[in-house]
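Sharing a structure here in structure tokens format.
Below, chain A is the first sequence line, B the second, and so on; all start at residue 1.
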Amino acid sequence: MDLLEYQGKQLFARHGVPVPSGKPARTVEEAVAAAEEIGYPVAVKAQVQIGGRGKLGGIKLANNAEEAREHAGAILGMDIRGLTVYELWIEGASQIESEYYASVVFDRSNKAPLVMLSTKGGMDIEAVAEEDPDAIAHLHVDPLLGFQDFHGRELAFNAGVAPDVVRPIGALLKQLYNVFVDEEATLVEVNPVIVTPERGVRALDAKVTLDNNSFFRHKDNAELRDLSAEDPQERMAKERGLTYVKLDGNIGILGNGAGLVMSTLDVVKLAGGDAANFLDAGGGSKAEAITSAVEVILANPNVTAVLFNIFGGITRCDEVARGLITAFDQIKPSVPFVVRLDGTNDEEGRKLLAEAKLPNVYTEATMDGAAAKVVELAGQSKTSA
Amino acid sequence: MDLLEYQGKQLFARHGVPVPSGKPARTVEEAVAAAEEIGYPVAVKAQVQIGGRGKLGGIKLANNAEEAREHAGAILGMDIRGLTVYELWIEGASQIESEYYASVVFDRSNKAPLVMLSTKGGMDIEAVAEEDPDAIAHLHVDPLLGFQDFHGRELAFNAGVAPDVVRPIGALLKQLYNVFVDEEATLVEVNPVIVTPERGVRALDAKVTLDNNSFFRHKDNAELRDLSAEDPQERMAKERGLTYVKLDGNIGILGNGAGLVMSTLDVVKLAGGDAANFLDAGGGSKAEAITSAVEVILANPNVTAVLFNIFGGITRCDEVARGLITAFDQIKPSVPFVVRLDGTNDEEGRKLLAEAKLPNVYTEATMDGAAAKVVELAGQSKTSA
Amino acid sequence: MSILIDENTRLVTAGITGSEGKFHTLRNRDYGTNVVAGVTPGKGGQEVEGIPVFNTYAEAVEKQGANTAMVFVPPPFAADSILEAEDAGIELIIAITEGIPAHDELRAYATIKKNGRSRLIGPNCPGILSPGKANVGIIPAAFFKPGNVGVVSRSGTLTYQIGNVLAQEGFGNSSIVGIGGDPVPGTDFVDAVKLFQEDPQTELIVLSGEIGGDAEEKAAEYIAEHVTKPVVAYIAGFSAPPGKTMGHAGAIVSGSSGGAEGKAAALEAKGVKVGKTPTQVAELAIQLLGAAA
Amino acid sequence: MSILIDENTRLVTAGITGSEGKFHTLRNRDYGTNVVAGVTPGKGGQEVEGIPVFNTYAEAVEKQGANTAMVFVPPPFAADSILEAEDAGIELIIAITEGIPAHDELRAYATIKKNGRSRLIGPNCPGILSPGKANVGIIPAAFFKPGNVGVVSRSGTLTYQIGNVLAQEGFGNSSIVGIGGDPVPGTDFVDAVKLFQEDPQTELIVLSGEIGGDAEEKAAEYIAEHVTKPVVAYIAGFSAPPGKTMGHAGAIVSGSSGGAEGKAAALEAKGVKVGKTPTQVAELAIQLLGAAA
């Protein structure tokens, strides 16, 4: 799960990472009260996960209550690249002498955490990586040993930070690594890390991605929410434990296993259609999960036809068939379904479906055939709608 | 540093190790107040580092204030095998169904922490180890990986603990390992771990040895004291950063390096003498350290002669000579000194000593010769005293 | 021949007393896999349909000579189970469990690598099938028969899909290996391709990848340098929009790298044929092995 | 020949800008050791009597080809310095620092062992002297000359004492290795004895142990099985009362094991002669090498 800036900074503060003092706010009144408490000047910052918020008008400086009120009012409810601003972070304005970049990421390729540091902070780091790769110091950390003081020094010297902040930058990197490990993040990124005129260092932004699989032992983290990023169908799917991503097309997709679902999207595309969603019902899906998934898919009004593509391993096809039958019973869908069942207990599944005689449900033997059929049906529905 | 039972239990409590509730007390009044607060019955426990305190009268059960007063009065000030009881630990009495043994030690031989568990708790574990070694389950922990849940299960199953406490015993072992690592102990031992009638587990005793070298980052631990175990000369030496152990003989010994001092003790013994102390002035001793060491040695009234055995590597013999000269100037010792200087800057050192013409100081060229001489002088002093 | 599992496999299942663990273990045994033990702490001494259950892997190794473990325990306890299997000296550990925390996987992987005595497959994988010899995991074996095509895949269901298409075209398999889609797979494409290259039964290697990470690109490098057998690849996710996470932690398209087009290009640059759909993969296999099939 | 250090040693000192580090580095250089660099974070670019100082070991390796490190930094930072040296690929790390926390030593040792690219001597040791070739550490070299006796010792000053007695009897040394008295020595008796056995210059091995631990007992086992050269041993602490800690963390007599009598008996049972004093050690050496000396 990707955290909002202020959620990341609150995590940082708990681990001793130096951050400016600040408070979250959901109303103009809360924002002004926060600004009064913190003291002016303050930055009024839109809490949405969009790079370059500042340039898009999502960050404004307020020197007094009037300005705080004005900016909070302007930013709350604003649409930034499709995301609505529901929350603000009001924080004491910082004086900046230098801007650095620091991050800890999960490097799948090396199967180790990768720590990066650059003196080219405050700008698009991907552009820096492309134009001047040597400007970013890299270091892999042995996950069993953990981050050592010498790692911090080596990164600081290699990145060429100012000599007088080698130690505090090293300490900051160690703290960010602690956040990464203790909070079970897969990404901790700060851009910029600033050096103040008093030669202190501070995390001025925070981008943290937590590992959802770790939430069973991080109850507090599991409670964090980003209202701006939550699509209603995606939220519904999440509550039901389904992996659902909304897409732009009109063909609802359900499959088991991320790879197969992605492949299904590709095959539908090649057949001339466009998927309305990615939905992985997961391994071992039971009938209720399938019923639930059908509800989520049909909650998207763009859907004009649905494709079930199941190849059962841990998933049993008879369970899928039962789930679909229940869904038809409860929801009585108005769009056509194309169903392809293969794998564990496929014969039982197909038999159950045949016996149920569901209206407007077509079974197909192959994935390619199923894709062609659903594209055809979706086109007809669209036309007839 | 070896902790008293109550100091160990307070550390345990901070790491979630289940311990009976208790309070320390240094007076009868404090003891009674603690007992009243905890509720009867309570155990009144002498805080000295002697195995088998209970059998020696150092642990008594009190059922009411009168008994608490009586026992506290009897135990405070008591002498248990040469140690005076200055502190009590008053703790709620526990009901015991089973007694186990658990420990984490620093195993030098395998260069890894060793965790041990036995169902033969509440008795002399060294005797168990000798008579029935299979009764103790052993497991080395990879220090980079740390203690895993399966380690706890494996130990519990191998030791044959009651099936219903496999999980809590595993959890307790993990917590003890955390104490070991987080507090930088070299020994954490609990004998007994008890199983209560409610099938809970609890550490009923605590034996913890902390690594003095780690105190720079464990300020709280560095403050812990065991008044009963502190010999005045040993305390004096500790305050001065010297490694000093008081022994039973009459020949004061100073050397540089633990190995050389031990060897000196041996050679003096072979020459027919008995050392009054072990004193390692350490590597790189400066003049002040030497002066300081002489004060510590002479603070022991049994000393009738002193042997300096220095072979300089990092220690410079001229510094040792200067320290001795200053010591003579300040303390004006009445006992004879035998000095053997070899190694780094030995010529300068010997020259300084010769020029200083200290009274009653004999230089010898070899360790064997120096030992023979000091034994001779110590005998004469003793006779003349 | 086949790779990783065969007639010499002596399987112990962790989590055998759970419903899924039991279901698939018995299915594996029905297929012919030599299932020698189960492990469930606290249930030592019980039996599951004649399979003895132990409290620890160490006992399963000592008493039953287990050499292969299948991990079916829930995510919070799975890494611990993998580490226990490693500690007990199990040579091959196949972790089916999905949803293990990434940092747990990292520590388990690093420990296995450090000690160098075990190989881990997965986690979050369907297991391995060596048709006609042994099946460990959840691959539906009925679709596959012995043959000369080795399959390695990041995705479980895609593995079945591709294997099935190949089977319909008359191809059989030496082994089918699901390496899983998690951030830290114990065995990656390079490892599996190396094993297939060394396996005399395997004459064609099918590699089924997906968007995210750079495992396919690394495999392309390795194949160019070390593999003499023909390789056909499939990459899922051509139509995935950038920046969306789709199930597998691996399936994240980040910037320019990790995309399906880039992976396909990297493989084709090294002489590996890439199919756009599972069906195309089978067609490519026919082209390359037509005479042999 | 000699062991561990010689003419090919290229030394970097960590903590060269401290007074002790500087004093002994210059002394080592005066003896003939090839000192190529110093490391002090933040003082990169400076020089100490012509020796260039760098911010990191990595730079000292890259720019000066350092292959041996001497660690002279204070205890709170010493393990970090050792780990940095290991990370930079330094082959031989000699840690003089006394008072490093035991858990720090444990992690450093475990990491060095895991990666298998460096050897650690110490910590809390006097270093190594290969007379006539190189001196790294604080051993007073003036007392020793080249010869055929290899010395390995847990105690620094005892090393000098024994070496000195041998020198007075006319013996020279191949190498003198102080392995240190800390709980987790990077190199132990067995490692050092193995190196001396393989070193053609060494004809007699002197092993100087002390009470505590079981390193001497393990060495006795190893010597019986693998060492053909004569070995003379010395054990300090015959007169130590049980249960008292005397300086070295190692020197703890716990119950029946770790005592001097037991160690001497273990060594003698394997054919190793044991002296009761440093002088007796020299006498035993004369008996064994009399003709050769």
Please classify the contact of A275(A) with chain C as side chain, backbone, both or neither, using a heavy-atom distance under 4.5 Å.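 Interface part for A275(A): neither.
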Is the ring pair F180(A)/F106(A) parallel, tilted or perpendicular, if the boundaries are 30 and 60 degrees?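 If you compare the ring of F180(A) with that of F106(A), the planes turn out tilted.
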So Y177(A) and H151(A), ring pair (Phe, Tyr, Trp, His ring centres under 6.0 Å) or not? Walk me through it. CA-CA 11 Å; Y177(A) 188 87; H151(A) 290 134; 8.1 Å; no
Part of K111(A) lying under 4.5 Å from any heavy atom of chain C: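 Its backbone and side chain both get close to chain C.
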Heavy-atom distance under 4.5 Å to chain A: side chain of P76(C), backbone, both or neither? both
Per-residue contact mode, K276(C) against chain A (heavy atom under 4.5 angstrom): both
Picking from T264(A), V339(A), V338(A), what satisfies side chain to side chain contact (heavy atoms under 4.5 Å, CB included) with F308(A)? V339(A)
Proximal component of A215(C), with respect to chain A [non-hydrogen, under 4.5 Å]: neither
Check ion pair D188(C)-K218(C) (N to O, under 4.0 angstrom): no
Taking side chain as everything from C-beta outward and backbone as N, CA, C, O, which of these in D266(A) sits under 4.5 Å from a heavy atom of chain C? Side chain, backbone, both or neither.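 Looking at D266(A), backbone and side chain both touch chain C.
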Heavy-atom distance under 4.5 Å to chain A: side chain of I100(C), backbone, both or neither?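 Backbone only.
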Which atoms of D346(A) approach chain C - backbone, side chain, both or neither, heavy atom under 4.5 Å: side chain
Does any backbone or side-chain atom of Y160(C) lie under 4.5 Å from a heavy atom of chain A? Answer side chain, backbone, both or neither.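 Backbone plus side chain of Y160(C), per the 4.5 Å heavy-atom cut-off to chain A.
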Pair R350(A) + D342(A): basic N to acidic O under 4.0 Å: yes
Is R154(C) close enough and on-axis enough to F189(C), meaning under 6.0 Å and within 45°, for cation-pi?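 Verdict for F189(C): no cation-pi partner in R154(C).
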Where does T111(C) contact chain A at under 4.5 Å (heavy atoms): side chain, backbone, both or neither? both
I'd like to know if R117(C) pairs up with E86(C) as an ion pair, taking the criterion as any Lys NZ or Arg NE/NH1/NH2 lying under 4.0 Å from an Asp or Glu carboxylate oxygen.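 Yes, charged N to carboxylate O under 4.0 Å.
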Select one option (side chain, backbone, both, neither) describing which atoms of F311(A) are under 4.5 Å from chain C's heavy atoms. both
Please classify the contact between Y109(C) and chain A as side chain, backbone, both or neither, with a heavy-atom cut-off of under 4.5 Å.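 The answer is the side chain of Y109(C).
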Side chain of N173(C), backbone of S175(C): donor and acceptor closer than 3.5 Å? no
